[in-house]
Amino acid sequence: MGCEGDYRAHVSMARHLARSGYYVLRFSPSGLGYSDGDIPNCRQKNLYVQVEYGLFVADIRAAVKFVQTIESISSITLSGICGGAMSSFLAAAELKEVQYVIPIGIPVLLDNDDINYEVRLPADEAKLMVKIYHQKLFSPKAWVRLLTKKSDIQKIKGAILALFRPKGAYISTGNEIGKFAENPNFFKAARRIFKARKKVLFVFGASDGFWWEFQRLFLKRYYAEVKDAPFDLYLSPGANHMLSMPEMQVDVVQAMLAWMNKHHGHTS
């Protein structure tokens, strides 16, 4: 997303952090939001794959250099939601200037054309997604994309069908006959970050399907006890994947602040 984020989450969370004494830079990666540049016209899942391979790491590197020129910064923390979380995590593995990273709703699966969103999408998220599509019913541009097959029809169908599944039901297995491929970039970055002893706070919403995937494919496989893991973890009780409600954003940013204050010795 651009610098505002879905549901303006980046805006409200950044203001909360700034009021607590932290400098915050929100920015749109090249080709998104307010930034110049173009992203080649492609299907949404193809763009996701590019992001999951580090499409915006160079933009983050430029942002870090920019910050260092305008303020006397003692440390840099990267954070983002979903694709922004992955971009931040991959960048933190590369940039020695970054010692802290807070990925929110980070995906551990690699998107591809074979992914069946019908079985990946939790019912909780499906309701929100169907509401978004419903708002586009009277949009000529949305209909043109649908009729020219540029919309992700499989994802739309999956959202509708997921509404009829039990609440909280997720995929039953993490790697079904190649349909769900683990993202090797995430695991490589994790090894580099932990080896460098950088500080990490993973954040998920309790009703986020990505949380289930993170547990199944990473947490339970490698860290039976979080207390022994080289990272911290916060699960926001009422939050979904994109933090669509103000109260979700406030809960997550308060957890971020508590964690940052602990590491930086701040009391407010």
Side-chain angles (χ1 to χ4, degrees), residues 1-19 24 26-29 32-34 44-45 47-48 51-52 56 79-89 102-109 111 115 117-118 120-139 141-142 145 151-152 154-171 201-215 233-257:
M1 296 299 298
C3 62
E4 294 181 351
D6 265 340
Y7 308 100
R8 290 178 61 81
H10 298 168
V11 177
S12 63
M13 294 171 74
R15 289 174 178 170
H16 197 117
L17 289 167
R19 284 195 298 268
V24 183
R26 296 183 292 112
F27 70 95
S28 301
L32 293 179
Y34 300 108
Q44 192 175 49
K45 278 190 286 187
L47 175 59
Y48 289 167
V51 172
E52 290 158 359
F56 296 132
S79 185
I81 301 173
C82 191
M86 178 58 73
S87 298
S88 298
F89 198 65
I102 307 177
I104 304 170
I106 192 169
V108 294
L109 291 182
D111 282 87
I115 281 188
Y117 282 97
E118 177 183 335
R120 183 183 185 186
L121 190 70
D124 319 56
E125 288 289 314
K127 292 178 182 178
L128 177 61
M129 192 171 296
V130 169
K131 183 178 180 180
I132 294 173
Y133 286 128
H134 183 265
Q135 294 170 349
K136 296 181 179 181
L137 281 176
F138 300 101
S139 168
K141 187 176 180 179
R145 286 186 58 82
S151 296
D152 196 329
Q154 186 181 24
K155 189 172 183 179
I156 296 173
K157 177 184 175 184
I160 295 172
L161 293 177
L163 291 175
F164 300 97
R165 293 163 53 220
K167 182 178 180 180
Y170 305 121
I171 57 175
L201 173 64
F202 288 112
V203 178
F204 287 93
S207 62
D208 181 3
F210 285 24
W211 162 235
W212 190 94
E213 296 167 1
F214 182 83
Q215 290 181 83
L233 175 68
Y234 177 71
L235 187 63
S236 183
N240 55 29
H241 180 57
M242 297 307 294
L243 308 183
S244 60
M245 302 295 289
E247 57 267 29
M248 300 176 186
Q249 299 163 17
V250 169
D251 181 72
V252 167
V253 79
Q254 286 179 341
M256 294 170 66
L257 270 173

**Q** When rounded to the nearest 0.5 angstrom, what is the spacing between CE in Met256 and CG in Leu201?
**A**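 Separation between the atoms: 8.0 Å.
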**Q** Between Cys3 and Arg26, what is the shortest heavy-atom contact and its length?
**A**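 Looking at all heavy atoms of both residues, the closest pair is O-NH1, 2.8 Å.
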**Q** Mind checking side chain to side chain donor-acceptor pair (under 3.5 Å) for Ser88 and listing every partner two or more places apart, or none if nothing turns up?
**A**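 Ser88 satisfies side chain to side chain donor-acceptor pair (under 3.5 Å) with no residue once adjacent residues are dropped.
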**Q** Taking only residues two or more places apart in sequence or in another chain, which ones pass side chain to side chain contact (heavy atoms under 4.5 Å, CB included) with Gln254?
**A**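 Residues passing side chain to side chain contact (heavy atoms under 4.5 Å, CB included) with Gln254: His16, Val250.
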**Q** Is the shortest side-chain heavy-atom distance between Val24 and Arg15 below 4.5 Å?
**A**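 Result no, sub-4.5 Å side-chain heavy-atom pair not found.
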**Q** Can a donor-acceptor pair be found, under 3.5 Å and without considering hydrogens, that links the side chain of Gln249 to the backbone of Met13?
**A**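 It does not hold such a pair.
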**Q** Shortest non-hydrogen contact from Ser207 to Ala239?
**A**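 It is OG-O, 2.8 Å.
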**Q** Roughly how far, to the nearest 0.5 Å, is CG of Asp251 from CE of Met245?
**A**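 Taking CE in Met245 and CG in Asp251, the distance rounds to 13.5 Å.
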**Q** For residues Ile81 and Ala9, report the shortest heavy-atom separation together with the two atoms involved.
**A**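 Looking at all heavy atoms of both residues, the closest pair is CD1-CB, 4.2 Å.
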**Q** Name the residue from Val252, Val253, Asp208 that meets the side-chain contact (heavy atoms from CB on, under 4.5 Å) definition with Ile104.
**A**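 Option passing the side-chain contact (heavy atoms from CB on, under 4.5 Å) with Ile104: Val252.
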**Q** Taking C-beta and beyond as the side chain, do Tyr7 and Leu243 meet within less than 4.5 Å on heavy atoms?
**A**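 With C-beta onward as the side chain, the pair stays apart.
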**Q** If you compare all heavy atoms of Glu52 against all heavy atoms of Pro107, which two are closest, and at what distance to 0.1 Å?
**A**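 Heavy-atom minimum between the residues: OE2-CG, 4.4 Å.
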**Q** Just wondering, do Phe204 and Leu233 contact through their side chains at under 4.5 Å, heavy atoms?
**A**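 A side-chain contact under 4.5 Å exists here.
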**Q** Is any side-chain heavy atom of Phe56 closer than 4.5 Å to a side-chain heavy atom of Phe27?
**A**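 In short, these two side chains do not touch, never coming nearer than 4.5 Å.
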**Q** Hey, does Met248 have a side-chain heavy atom less than 4.5 Å from the side chain of Ser236?
**A**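 Contact flag for Ser236/Met248 side chains = no.
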**Q** Under the rule for side chain to side chain contact (heavy atoms under 4.5 Å, CB included), what residues qualify as partners of Ala255, not counting sequence neighbours?
**A**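 Per chain and number, Ala255 pairs via side chain to side chain contact (heavy atoms under 4.5 Å, CB included) with Tyr234.
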**Q** Just to verify, what does Arg8 make a salt bridge (Lys or Arg N to Asp or Glu O under 4.0 Å) with, not counting sequence neighbours?
**A**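 Partners of Arg8 under the salt bridge (Lys or Arg N to Asp or Glu O under 4.0 Å) test: Glu4.
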**Q** Quick check for you: to the nearest 0.5 Å, what is the distance between His241 atom NE2 and Cys82 atom SG?
**A**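 The NE2 atom of His241 sits 3.0 Å away from the SG atom of Cys82.
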**Q** Has Ser79 got a side-chain atom pairing as donor or acceptor with Pro103's backbone, closer than 3.5 angstrom?
**A**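 Looks like no, no N/O pair under 3.5 Å.
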**Q** Does the side chain to side chain contact (heavy atoms under 4.5 Å, CB included) test come out yes or no for Ser87 and Val51, once each step is laid out?
**A** CA-CA 7 Å; Ser87 298; Val51 172; 3.7 Å; yes
